[in-house]
Novice: 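Can you keep this structure in mind? I'll have questions shortly.
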There are 2 protein chains.
Amino acid sequence: MSTFDKPTNQNVPTPTVENYLKQILMVTLEENGSRVAMGKVATELAVTPGTATSMVKNMERDGWLKYYPRQGVSLTRKGRKVAMNMLRRHRLLETFLVETLGFDWSEIHIEAEELEHAISEKVLEKLDEFLGRPRYDPHGHPIPSKRGTIQRPSSQTLQNCDTGVTVRVESILDQESDFLKFAREKELLPGKAVSVIRSEKLADVITLKIEGNEPFSMGFRSAEKILVV
Amino acid sequence: MSTFDKPTNQNVPTPTVENYLKQILMVTLEENGSRVAMGKVATELAVTPGTATSMVKNMERDGWLKYYPRQGVSLTRKGRKVAMNMLRRHRLLETFLVETLGFDWSEIHIEAEELEHAISEKVLEKLDEFLGRPRYDPHGHPIPSKRGTIQRPSSQTLQNCDTGVTVRVESILDQESDFLKFAREKELLPGKAVSVIRSEKLADVITLKIEGNEPFSMGFRSAEKILVV
DNA sequence: GATACTATTTTGATTCATCAAAGTAATCAT
DNA sequence: ATGATTACTTTGATGAATCAAAATAGTATC
Ligand SMILES: [Mn+2]
Ligand SMILES: [Mn+2]
Ligand SMILES: [Mn+2]
Ligand SMILES: [Mn+2]
């Protein structure tokens, strides 16, 4: 009623805004640069570039992020807080789906993608308690704390491992159902020890061996999706 | 493409449509008439009458229901099927929240109201299995079967019980948090036996006694919300 | 530096869901 | 039956989210 009042969604993010925030945060965490390009936003959210631009402008209006035309976006503190919480929801839900309901890790991502918007803070808390406060989701991703902090993932991938070394799988950076099925097949699971039999940079291929299994090879493109320590 | 194509939501209900369908079904089950008045639709969904009219027209366009101007709506077979499924989701989720996560029965309704739209058929099935295929939710409401059938509730309420009789509580017909807290307080819970000490039609009040508790009274308005057998 | 290609923004349109307020039909009461 | 009240519908408008296609800015290539 006073002089200025924009009766818009200033503080309650819509599910769509939640998705944008979470996705932007994830890109920010993966890459180290703080500005996420609009093209990236558009492809990550599977919308046309025009849609991304328009959404991002409204999100800036509501204080979720800063928009630098033709350069990209970066989350504000407010936006980052919500984004972190979404990541927490998503990963706790994935954990629940696997641990409690017995889902396969290749099918949980899409499910959590919807549920994360419907679950309240109260249910989230009970769920966290019920699951015994897990610190990692089924893909090995760290679950952000209630306070919004997250463990930095390893910067090492299977791709940049040299011949001869043995490493431990930390997490899988791909939610594609088929890739996850392949990884499970080969027992390329979080926590597992993997020996790099041979890494051939020129041929773009790496050969691996996991205790008790046959050796197998994979291309660098795929190897890059496996974080190791 | 061809001559006629209306690229509207013909078969995939939006969450809003799901809510309308479920609510219309519930009114249909409670009352016995097959046409639900627009005023009822509007109040049940907490929207203005104009909104209800406009939504209902689109829903008719998409085949979810039949709209009889100035008379009301009734679900089509297609609409009833989805509505029944929503009721199933809602009630299974409520059961989960109480049984597994330890929520109080007075706080679960709002939670389920959101989750019901986010849960997939797959998760629903796993949940049903995990819970051991319950037939009633925490309020004593029958859970519709996967095939879309539902047990008819009792037509008897505490209100129309005569002095002296003893009945068993079947369910509570009110999702109001405060009323549910009151009911739990008095141990007016599904399955409990209640003796009607006195029913005074003129004074509009009924006095009850539950094994091991002090007798207490409640008005007919409230007594009407307790289904008994 | 002019041209070509790529990334991004703008424009114009659409659907869904909603409201306020105005208009109309139906029913109730005297 | 007339007038009042209540129920419902229509109208006009809005915000959110989206797309297709046109316009523009930026970068890379020759
Ligand atoms: Mn999501
Ligand atoms: Mn994950
Ligand atoms: Mn709902
Ligand atoms: Mn219930």
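Hydrogens, waters and symmetry mates are skipped; everything else that's a heavy atom, side chains included, is used.
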Novice: Can you find a side chain N or O atom of A:T48 that sits less than 4.0 Å from OP1 or OP2 on D:dT18?
Specialist: no

Novice: In this structure, which one of B:T95, B:L101, B:T100 forms a side chain to side chain contact (heavy atoms under 4.5 Å, CB included) with B:L97?
Specialist: B:L101

Novice: Between A:K57 (NZ) and C:dT8 (P), how many Å, whole number?
Specialist: 14 Å

Novice: Using a 4.5 Å cut-off on heavy atoms from C-beta on, say whether the side chain of B:K81 contacts that of B:L75.
Specialist: no

Novice: Any idea which heavy atoms bring B:L92 and B:L131 closest together, and the distance?
Specialist: O-CD1, 3.7 Å

Novice: Using a cut-off of 4.0 Å on non-hydrogen atoms, how would the nucleic acid contact of B:T16 be classed: base, sugar-phosphate, or nothing?
Specialist: sugar-phosphate

Novice: Roughly, in whole Å, what's the span from NZ in A:K40 to P in C:dT8?
Specialist: 12 Å

Novice: It should be established whether A:S54 places a side-chain nitrogen or oxygen under 4.0 Å from OP1 or OP2 of nucleotide D:dT18.
Specialist: no

Novice: Across the strands shown, which category fits A:T53 at heavy-atom distances under 4.0 angstrom: base, sugar-phosphate, nothing?
Specialist: base

Novice: More than 12 heavy atoms of other residues, nucleotides or ligands under 6.0 Å from CZ of B:R133: is that the case?
Specialist: yes

Novice: Could you check which of D:dT9, C:dA20, C:dT8 has an atom nearest any side-chain atom of B:P69?
Specialist: D:dT9

Novice: Taking CG from B:N19 and P from C:dT18, how many angstroms apart are they, rounded to a whole number?
Specialist: 9 Å

Novice: Taking only nitrogen or oxygen atoms into account, show me every contact under 3.5 Å that the protein makes with nucleotides 22-29 of chain D, one pair per line with its distance.
Specialist:
| unit_1 | atom_1 | unit_2 | atom_2 | d |
| --- | --- | --- | --- | --- |
| D:dT24 | O2 | A:R70 | NH2 | 3.2 |

Novice: At under 4.0 Å between heavy atoms, what does A:Y68 touch on the DNA or RNA strands: base, sugar-phosphate, or nothing?
Specialist: nothing

Novice: Just the rounded figure in Å: distance from P of C:dT9 to CE of A:M38.
Specialist: 5 Å

Novice: Can you confirm whether or not the ring centre of B:H139 sits under 6.0 Å from the ring centre of B:H109?
Specialist: no

Novice: So what does B:G50 hit on the nucleic acid, given a heavy-atom distance under 4.0 Å: a base, only sugar-phosphate, or nothing?
Specialist: base

Novice: Measure the distance from CD on A:Q23 to P on D:dA17 and round it to the nearest whole Å.
Specialist: 16 Å

Novice: Check the distance between C:dT8's P and A:E44's CD and give it to me in whole angstrom.
Specialist: 13 Å

Novice: Please tell me if B:T51 has a side-chain N or O lying less than 4.0 Å from either OP1 or OP2 of C:dC19.
Specialist: yes

Novice: May I ask you to evaluate whether B:Y67 reaches the phosphate of D:dT9, defined as a side-chain N or O under 4.0 Å from OP1 or OP2?
Specialist: yes

Novice: For a side-chain contact (heavy atoms from CB on, under 4.5 Å) check, start with the C-alpha distance between B:E44 and B:K22, then their side-chain angles and the critical distance, and finish with the verdict.
Specialist: CA-CA 10 Å; B:E44 288 291 311; B:K22 190 188 61 172; over 6 Å; no

Novice: Rounded to whole angstrom units, what separation is found between the CG atom of B:N58 and the C1' atom of D:dT9?
Specialist: 14 Å

Novice: Answer with base, sugar-phosphate or nothing: what part of the nucleic acid does B:A37 contact at a heavy-atom distance below 4.0 Å?
Specialist: sugar-phosphate

Novice: What closest approach, in Å, do B:R89 and B:I119 show between heavy atoms, and which atom pair accounts for it?
Specialist: NH1-O, 2.7 Å

Novice: Quickly work out the B:L21 CG to C:dA17 P distance and round it to whole Å.
Specialist: 11 Å

Novice: With a sphere of 6.0 Å drawn around CD of B:E176, does it hold more than 12 non-hydrogen atoms of other residues, nucleotides or ligands?
Specialist: no

